[in-house]
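Have a look at the structure below, then the notes.
All values below come from the heavy atoms of this structure, side chains included, with hydrogens, waters and symmetry mates left out. Sequence lines set the chain letters: A, B, ... in the order given, protein chains first and strands last, and positions in each chain run from 1.
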There are 2 protein chains.
Amino acid sequence: MTEPSEPDEPALDRIRALPSWLLNRAAGRGRRLLGEAFAHEGLRMPHHAVLAAVADIGPVAQAALGRETGFDPKDMVGILNDLQRALLVTRTPDPHDRRKNVIALTAEGRSCLERLALLGDEANRALLAALTPAEREQFVALLARVAEEREEGPVV
Amino acid sequence: MTEPSEPDEPALDRIRALPSWLLNRAAGRGRRLLGEAFAHEGLRMPHHAVLAAVADIGPVAQAALGRETGFDPKDMVGILNDLQRALLVTRTPDPHDRRKNVIALTAEGRSCLERLALLGDEANRALLAALTPAEREQFVALLARVAEEREEGPVV
DNA sequence: AAAAAACGTTGGACACCCCAATGAAGATGA
DNA sequence: TCATCTTCATTGGGGTGTCCAACGTTTTTT
């Protein structure tokens with residue numbers, strides 16, 4: 001029985017059992033693990049995502065990158081500043097559209113991305129270390145559905 | 001096969017499938033849902049937790065409250081300022097130990113806590129709406145184990 | 001040519017998390 | 001008793017991730 005209300009149970013324990021609370025905890029743990037893993041490279045999670053997006057969709061404008069990754073344009077500026085300073089991407093004006101910057105991956109960027117992928121995988125392995133492989137698979141599948149920001153279709 | 005490295009797969013899609021990424025997304029969604037649910041009361045998640053802790057361990061000092069909930073003393077001050085201003089708790093000097101404040105729940109605090117519990121449950125129901133009841137139970141069980149910050153016993 | 005949209009940038013805000021230092025007060029032990 | 005150590009509440013600061021509003025410039029649309 002996992003009834004939502006059990007008045008006898010301590011209130012704080014109930015909160016600590018809520019998915020929202022657990023998700024916050026687990027996400028924090030993941031952020032910490034990834035932060036430590038990426039510390040060598042001086043990068044963080046958003047850098048990894050943007051670098052990967054640049055690798056995927058080739059030389060591309062910042063706005064398209066933002067649409068792809070879901071990052072705010074404001075934040076994209078900072079992320080790309082960091083990546084550019086680390087010589088992992090180049091940012092050059094687009095001759096065909098003078099509003100745009102063309103973001104392209106450098107050779108260093110590609111190799112760094114490979115390192116980040118390995119480090120990220122390792123951190124995620126540590127994150128799910130408490131689960132068996134089968135449980136991990138199941139957990140990720142369920143988590144993916146929870147993470148999906150799907151509109152509650154009003155069933156037209 | 002959920003091998004950690006599949007070079008052909010787009011890099012960003014791989015990142016988006018990482019537990020750390022999904023946890024961040026799902027936690028953000030939960031925070032947003034809870035934030036909207038608690039907006040009426042003018043409170044947020046930490047307020048809920050602290051209010052619940054006060055209800056659980058009766059009139060109690062701030063430090064004990066911090067140990068119970070895991071919140072930083074600095075943040076506890078702000079949270080209690082809010083709760084006190086909303087007349088949900090009282091904060092009075094402890095006669096037996098003039099260092100301490102005695103935090104006690106008011107009648108309004110108790111009824112507000114009940115409302116928050118209902119709102120929290122509802123938000124969490126929306127958060128896990130994509131899952132069947134059986135999946136929900138399984139997900140929460142797995143998530144709880146992932147959220148646990150257990151030391152990797154070095155097997156002494 | 002005028003209006004609308006997209007682009008990169010800047011400034012600001014919010015939620016949650018964590019650490020360091022301080023003055024006041026209690027606990028400890030020589 | 002007196003000095004030391006600890007606890008308490010508070011203040012000040014930092015860091016990550018997310019999001020919104022506005023601006024000047026440039027391209028597209030009408």
Give, ordered by number, those residues of residues 95-103 of chain A having at least one heavy-atom distance below 4.0 Å to an atom of DNA chain C; if nothing qualifies, reply none.
Arg99(A), Lys100(A), Asn101(A)
Taking CG from Leu34(A) and P from dC17(C), how many angstroms apart are they, rounded to a whole number?
18 Å
What pairs of donor and acceptor atoms, side-chain ones from residues 56-63 of chain A against any protein atom, are under 3.5 angstrom apart with sequence neighbours left out?
from	atom 1	to	atom 2	distance (Å)
Asp56(A)	OD1	Ala11(B)	N	2.8
Asp56(A)	OD2	Ala11(B)	N	3.2
Asp56(A)	OD2	Leu12(B)	N	2.8
Gln62(A)	OE1	Arg91(A)	NH1	2.9
Gln62(A)	OE1	Asn101(A)	ND2	3.0

If you take all heavy atoms of Val146(B) and Leu127(A), which pair is closest and at what distance?
CG1-O, 3.7 Å
Do the side chains of Arg145(B) and Glu135(A) get close enough for a salt bridge, i.e. N-O under 4.0 angstrom?
yes
Would you say Leu143(B) ends up clustered with Leu131(A) if hydrophobic residues are merged whenever their side chains have heavy atoms under 4.5 Å apart, either directly or through other cluster members?
yes
Paired and unpaired positions of DNA chain C as dot-bracket, Watson-Crick or G-U wobble under 3.5 Å, | denoting a partner strand:
||||||||||||||||||||||||||||||
For the residue pair Glu114(A) and Leu118(A), establish whether any side-chain heavy-atom pair is separated by less than 4.5 Å.
no
Could you state the CG-C1' distance from Asp94(A) to dC7(C), rounded to the nearest angstrom?
11 Å
Using atom types as modelled and distance alone, determine if a side-chain donor or acceptor of Asn124(B) lies under 3.5 Å from a backbone N or O of Gly120(B).
yes
From Leu23(B) atom CG to Leu18(B) atom CG, the distance as rounded to the nearest 0.5 Å
10.5 Å
Those residues of residues 55-64 of chain B lying under 4.0 Å from DNA chain C by at least one heavy atom
none
Distance check needed: dC20(D) C1' versus Met76(A) CE, whole Å only.
16 Å
Distances for protein N/O vs nucleotides 13-19 of chain D N/O pairs under 3.5 angstrom?
from	atom 1	to	atom 2	distance (Å)
dG13(D)	N7	Lys74(B)	NZ	3.1
dG13(D)	O6	Lys74(B)	NZ	3.0
dT16(D)	OP2	Arg44(A)	NH1	3.1
dG17(D)	OP2	Arg44(A)	NE	3.3
dC19(D)	N4	Asp75(A)	OD1	3.3

If only atom types and distance count, is the side chain of Thr106(A) paired as donor or acceptor with the main-chain N or O of Leu87(A) below 3.5 Å?
yes
Do Asp94(B) and Arg98(B) make a side-chain contact, defined as non-hydrogen atoms from C-beta onward lying under 4.5 Å apart?
no
Heavy-atom check, side chain of Val50(A) versus side chain of Leu83(A), under 4.5 Å
yes
Which pair of heavy atoms, one from Leu128(A) and one from Phe139(A), lies closest together, and at what distance?
CD2-CE2, 3.9 Å
Is there a salt bridge (Lys or Arg N to Asp or Glu O under 4.0 Å) between Asp97(B) and Arg99(B)? Walk through the geometry before answering.
CA-CA 5 Å; Asp97(B) 187 336; Arg99(B) 295 171 299 179; 2.8 Å; yes
Taking atom C1' of dA9(D) as reference, at what distance in whole Å does atom CG of Asn81(B) sit?
11 Å
Any side chain to side chain donor-acceptor pair (under 3.5 Å) involving residues 33-48 of chain B? Give me the pairs, sequence neighbours left out, ordered by first then second residue.
Glu41(B)-Arg115(B), His47(B)-Asp82(B)
dT7(D) P sits how many Å from Leu65(B) CG, rounded?
18 Å
Whole angstrom value for the distance that separates P of dA15(C) from CD of Glu36(B):
13 Å
